[in-house]
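Shown next, in structure tokens, is the structure this report addresses.
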Number of protein chains: 2
Amino acid sequence: MQSRTPATRPGRPRSAAAATAILAATREALVELGWSKLTLGDVAARAGVAKTTIYRRWPGKNELVVDAVAELFDELELPDRGSLAADIEGVVLQFAVILDRPEARSGLMAVVAESTRDEALRERIRESIVERQKRLVLQGRTRAQTRGELPPESDPDDAARTVDLIFDVVAGAVVHRTLVSGRPADEDWVRGFTQVLLLGLRGAAALPVAVDP
Amino acid sequence: MQSRTPATRPGRPRSAAAATAILAATREALVELGWSKLTLGDVAARAGVAKTTIYRRWPGKNELVVDAVAELFDELELPDRGSLAADIEGVVLQFAVILDRPEARSGLMAVVAESTRDEALRERIRESIVERQKRLVLQGRTRAQTRGELPPESDPDDAARTVDLIFDVVAGAVVHRTLVSGRPADEDWVRGFTQVLLLGLRGAAALPVAVDP
DNA sequence: GCCATTACGCTACGACTCGTAGCGAAAGCG
DNA sequence: CGCTTTCGCTACGAGTCGTAGCGTAATGGC
């Protein structure tokens with residue numbers, strides 16, 4: 001990851017403890033203050049470091065929040081629930097659990113909003129957050145193929161496009177349900193959503209050209 | 001809407017021209033500066049009004065941006081494309097068109113992020129933005145029922161839940177595709193998405209209890 | 001063991017934004 | 001004409017930003 005660290009640099013190394021303290025303090029401040037009222041001075045005080053230390057490591061508030069939120073997605077793992085339908089429900093529920101945490105709610109959407117005017121920030125988000133989520137979708141597909149519930153890759157391009165579509169639908173629906181509609185993505189909702197998605201995918205796969213039922 | 005205006009209040013009335021100028025200036029500033037760098041002083045200067053005038057009418061930046069963005073959704077109208085499938089594509093495309101405008105991209109997500117810590121703001125967003133979008137979904141359903149493509153309301157509770165689900169899926173997927181994945185919701189993507197959604201809904205409606213194909 | 005190099009904590013700084021207060025003038029109504 | 005409210009303007013204290021400068025701490029190379 002850190003390709004700009006050739007091997008061992010001379011001089012005092014950066015404190016790893018400071019990094020974890022800063023990121024934890026950032027999440028804490030996100031919960032208590034939200035994104036707009038979060039200041040780097042406050043984060044520094046919480047973490048017990050100097051404000052300048054934060055500026056030496058991160059370009060600004062946006063990048064810091066991205067890294068702080070990204071760590072929340074490290075814990076993500078998809079339990080094997082035995083069937084494609086159950087695994088999709090698992091993916092959706094994992095997203096819902098993450099978005100239930102206040103530090104994710106306030107932080108994630110804010111940096112996404114900022115990324116609309118900052119291409120580098122968008123790329124940072126994609127690398128450190130989106131790709132970690134996407135793993136779950138790919139993981140679920142592989143399992144389904146192993147079980148024989150899905151054909152083992154017909155056209156790679158087409159498959160990639162389908163994965164992208166699924167990902168946008170799943171992540172987008174959960175986010176919209178949770179943050180915009182303001183209602184919990186509970187088990188009932190997840191069940192209904194999964195049913196629609198799964199039937200839609202099966203149907204779409206079954207008709208390459210024929211449309212009428 | 002303005003129930004706190006009994007009939008005609010004494011004193012000098014608020015300038016309607018000022019309101020439109022302020023909202024237009026807000027959108028202009030959103031495009032040029034984005035949400036985080038937008039200041040009310042800057043908006044006042046653009047609109048040719050005093051900063052205090054803005055503070056007399058809006059509680060703060062968040063509410064101002066909500067109203068400014070909400071006006072973008074006034075133009076929304078759903079053309080009759082002849083079939084349920086085509087109408088759904090129409091709804092999705094309408095969302096995509098709105099989210100293509102930079103003032104919507106940077107403004108909308110930012111206020112949604114802020115609303116996670118401000119219940120009143122969330123309600124304001126729901127009233128002035130979300131409900132205007134939802135109209136399109138309801139409109140499409142009514143048309144489909146008129147055409148006989150959908151049954152005319154079985155259980156009202158169940159119908160409402162389905163509309164909510166459709167709305168979260170449609171709006172969420174378009175938003176995620178556009179803002180997070182950073183790829184355009186063009187006609188190809190919309191076609192694929194609509195196909196999955198429509199097949200999923202048909203399938204879900206067709207099986208109240210039976211599951212096997 | 002000394003030295004070059006880098007990170008750290010601390011203080012201080014100018015620039016900017018915030019939200020509010022006070023003023024005189026303007027624009028409505030009875 | 002009075003009464004009321006809005007408007008533009010100026011000014012203000014408080015708070016934040018991002019940076020610079022300094023002395024000190026922690027490494028690795030020689």
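First the proteins, then the strands, lettered A, B, ... as listed; each starts at 1. In what follows, every heavy atom counts, from backbone to side chain, and hydrogens, waters and symmetry copies are set aside.
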(message) I'd like to know if the side chain of E149(A) pairs up with that of S83(A) as donor and acceptor (distance under 3.5 Å, no hydrogens or angles considered).
(response) no
Hey, are the side chains of [X] and [Y] touching, using non-hydrogen atoms and a 4.5 Å cut-off?
X: R183(A); Y: D168(B); answer: no
X: R27(A); Y: R101(A); answer: no
X: S128(B); Y: V66(B); answer: yes
X: D80(A); Y: D87(A); answer: yes
X: K61(B); Y: W35(B); answer: yes

Can you measure [X] atom [atom1] to [N] atom [atom2] for me and round it to whole angstrom units?
X: I22(A); N: dC8(C); atom1: CD1; atom2: C1'; value: 11 Å
X: K61(A); N: dT16(D); atom1: NZ; atom2: C1'; value: 10 Å
X: W35(A); N: dT16(D); atom1: CH2; atom2: P; value: 15 Å
X: R9(B); N: dC3(D); atom1: CZ; atom2: C1'; value: 15 Å
X: D42(B); N: dC18(C); atom1: CG; atom2: C1'; value: 14 Å

(request) Enumerate the residues from residues 10-20 of chain B whose closest heavy atom to DNA chain C is under 4.0 Å, giving them by residue number; use none for an empty result. (result) G11(B), R12(B), P13(B)
(message) Short of 4.0 Å, heavy atom to strand atom, which residues of residues 51-58 of chain A count as contacting DNA chain C?
(response) T52(A), T53(A), R56(A), R57(A)
(message) Measuring from the side chain of T39(A) (C-beta onward, heavy atoms only), which nucleotide among dT16(D), dC10(C), dG8(D) has the closest atom?
(response) dT16(D)
(request) Return the nearest nucleotide to the side chain of A50(A); candidates are dA7(C), dT6(D), dC10(C). (result) dC10(C)
(request) Sort and list the pairs that fulfil salt bridge (Lys or Arg N to Asp or Glu O under 4.0 Å) and have at least one residue in residues 36-51 of chain B, not counting sequence neighbours. (result) E28(B)-R46(B), E32(B)-R46(B), D42(B)-R46(B)
(request) Working to the nearest 0.5 Å, report the span between CG of L23(A) and CD1 of I54(A). (result) 9.5 Å
